[in-house]
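Residue numbers run from 1 in the order of the sequence given. Only heavy atoms go into these numbers, but all of them, side chains included; no hydrogens, no water, no symmetry mates.
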Amino acid sequence: PRAADGETLIMELDAGAEALADTPALIAVHRRPDEADVALAKSLGNRLVGSIAVAVDPAAVEAVARELTDGGLRPLAILPEDLTLAAPSVGEIGAALNAKVLYDGDNADEVVQDIVIAPVYADPARPHFHRFDSKAILAPFNKTDLHLAALEAGAACLVITGGRDPSPYVIDRAQHEPTTILLSRRDTPGTVNALADVWTATRFRGERKAEAAYACLKSRLDFASLARKLSA
C-alpha cells in the first residue's frame with residue numbers, strides 16, 4: 001500500500017520483511033538492543049528515523065540509552081515497563097485456554113493484570129478479590145458461591161475450571177455484570193499452566209492499552225519533531 005498525496009502511511013513490519021527495502025522512513029521498535037538490532041540499523045542507513053525501546057527496566061533506562069546511541073540506533077524514546085501494556089486481554093486468555101465462552105461480557109479487549117485463584121470458601125474470597133483491579137478469577141465448576149463472589153468483585157473474566165458447566169444461576173446473574181465467563185477443560189493447576197506464556201504474546205489492542213501507550217509516550221517522545229522527520 002502507498003500513502004496518498006499529503007498523507008503519511010504507517011505500517012507494522014517484521015525486521016526481515018521484503019517491504020523494508022521500499023520503505024523510505026523507518027522506526028525500529030525493540031527491547032534492549034542486541035547485535036541483530038545494530039546490524040539492522042547499519043543496513044537501513046539514513047532511512048532509519050530512530051528507535052524506540054519498550055519494556056525497559058526502569059533501573060536500566062540510562063544504560064539502554066547509551067547502547068542505542070553507541071549502536072547507531074538513534075533513540076527517539078525509551079519506555080519503561082508498564083503493567084497495563086504487558087497484560088493480556090480477556091480474549092487472549094480465552095484463546096490461550098481454548099476455552100468455551102459461557103457468557104460474553106463484550107469486553108474481549110479488557111486488560112487482565114492479575115490471575116487470581118479463588119480460595120476454598122466465599123467469605124475470605126470477597127475481600128481477597130477486591131485487592132485486585134484488573135483480574136481474571138479461576139474457580140472450580142462446583143463452587144457457585146465463589147462464582148457469584150467473582151461477579152460481585154467486578155472480575156473482567158471468570159474462568160470456570162474442571163470442564164463442567166456451572167449452575168445456570170451463575171449465567172443468569174452474569175447478565176447484570178460486565179464479566180466474561182469462560183469454561184476451561186482443564187483443572188485449576190492445568191489452567192494456570194496453560195496461561196504461563198500468555199504474557200509473552202499479548203498485543204497492543206483495546207482502549208486501555210491505547211491510553212496507557214499514549215501516557216507513556218507523551219512525556220518521552222517529541223511528536224512534532226518526529227512528524228517533521230517522517231515528512232522530510
Side-chain angles (χ1 to χ4, degrees), residues 3 8-90 92-93 96 109-116 131-136 156 195-232:
T8 299
L9 176 66
I10 300 176
M11 297 186 296
E12 180 181 4
L13 303 170
D14 292 329
E18 293 183 6
L20 288 179
D22 300 322
T23 305
L26 291 154
I27 298 172
V29 180
H30 45 74
R31 299 201 177 198
R32 196 153 188 164
D34 56 21
E35 292 182 1
D37 294 317
V38 174
L40 176 64
K42 291 180 179 178
S43 70
L44 295 175
N46 290 332
R47 292 189 299 134
L48 178 67
V49 174
S51 64
I52 298 175
V54 299
V56 175
D57 184 334
V61 168
E62 292 185 4
V64 171
R66 288 194 298 271
E67 293 168 10
L68 291 172
T69 301
D70 293 345
L73 283 159
R74 306 171 191 171
L76 295 171
I78 299 171
L79 308 182
E81 295 173 321
D82 183 276
L83 289 178
T84 299
L85 294 178
S89 67
V90 169
E92 288 170 329
I93 286 176
D109 288 331
E110 181 60 45
V111 169
V112 174
Q113 292 183 353
D114 294 289
I115 302 295
V116 182
R131 293 173 53 217
F132 306 94
D133 292 326
S134 304
K135 53 188 173 281
L195 292 174
D197 295 328
V198 71
W199 267 261
T200 67
T202 184
R203 302 296 299 270
F204 292 153
R205 292 175 179 158
E207 185 175 340
R208 283 192 61 190
K209 286 201 175 186
E211 291 173 352
Y214 178 71
C216 205
L217 281 166
K218 70 178 182 179
S219 62
R220 297 177 177 88
L221 181 62
D222 186 340
F223 286 96
S225 175
L226 175 60
R228 288 193 295 270
K229 291 178 180 179
L230 289 174
S231 60

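In this structure, L48 CG and L76 CG are separated by 8.0 Å, a value rounded to the nearest 0.5 Å. In this structure, L79 CG and L221 CG are separated by 8.0 Å, a value rounded to the nearest 0.5 Å. Between the CD1 atom in I78 and the CG atom in L68 there is a gap of 5.5 Å [rounded to 0.5 Å]. With rounding to the nearest 0.5 Å, the separation of CG in L83 from CG in D133 is 11.0 Å. From L73, atom CG reaches atom NE2 of H30 across 4.5 Å, with rounding to the nearest 0.5 Å.
Checking each of Q113, E110, R208 against S134 for a side chain to side chain donor-acceptor pair (under 3.5 Å) leaves exactly one that passes, namely R208.
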(Q) Checking V54 against L85 for the side-chain contact (heavy atoms from CB on, under 4.5 Å) test, could you report, in this order, the C-alpha distance in whole Å, the side-chain angles of both residues, the deciding distance, and whether it holds? (A) CA-CA 10 Å; V54 299; L85 294 178; over 6 Å; no
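Inspection of the T202 and K209 side chains reveals an N or O donor paired with an N or O acceptor under 3.5 Å.
Closest approach of A87 to W199, counting heavy atoms only: CA-NE1, 3.8 Å. Residues P75 and T69 share a closest heavy-atom pair of CG-OG1, 3.6 Å. The two residues A215 and R220 have their closest heavy-atom pair at O-NH1, 4.4 Å. Residues A53 and V56 come closest through the heavy atom pair CB-CG2, 3.9 Å. Nearest approach of D109 to G206, heavy atoms of both residues: CB-CA, 3.7 Å. Of all heavy-atom pairs between G72 and A41, the closest is O-CB, 3.8 Å.
Judged by distance alone, with hydrogens and angles left aside, the side-chain atoms of D114 form no donor-acceptor pair with the main-chain N or O of V116 at under 3.5 Å. A distance-only check finds a donor-acceptor pair linking the side chain of E92 to the backbone of R203 [under 3.5 Å]. Using a distance-only test at 3.5 Å, with no hydrogens or angles considered, no donor-acceptor pair links the side chain of T84 to the main chain of A212. A donor-acceptor distance shorter than 3.5 angstrom exists from the side chain of D37 to the backbone of D34, with no hydrogens or angles considered.
In R31, the CZ atom is not crowded: 12 or fewer heavy atoms of neighbouring residues, nucleotides or ligands sit closer than 6.0 Å. Atom CZ of F223 sits in a crowded spot, with more than 12 heavy atoms from other residues, nucleotides or ligands closer than 6.0 Å. More than 12 heavy atoms of other residues, nucleotides or ligands lie within 6.0 Å of CG in D70, so this atom counts as buried by the packing criterion.
Counting heavy atoms from C-beta outward, V198 and V112 have side chains that stay 4.5 Å or more apart. Proximity of E81 to P58: side-chain heavy atoms (C-beta onward) are separated by under 4.5 Å at one or more points.
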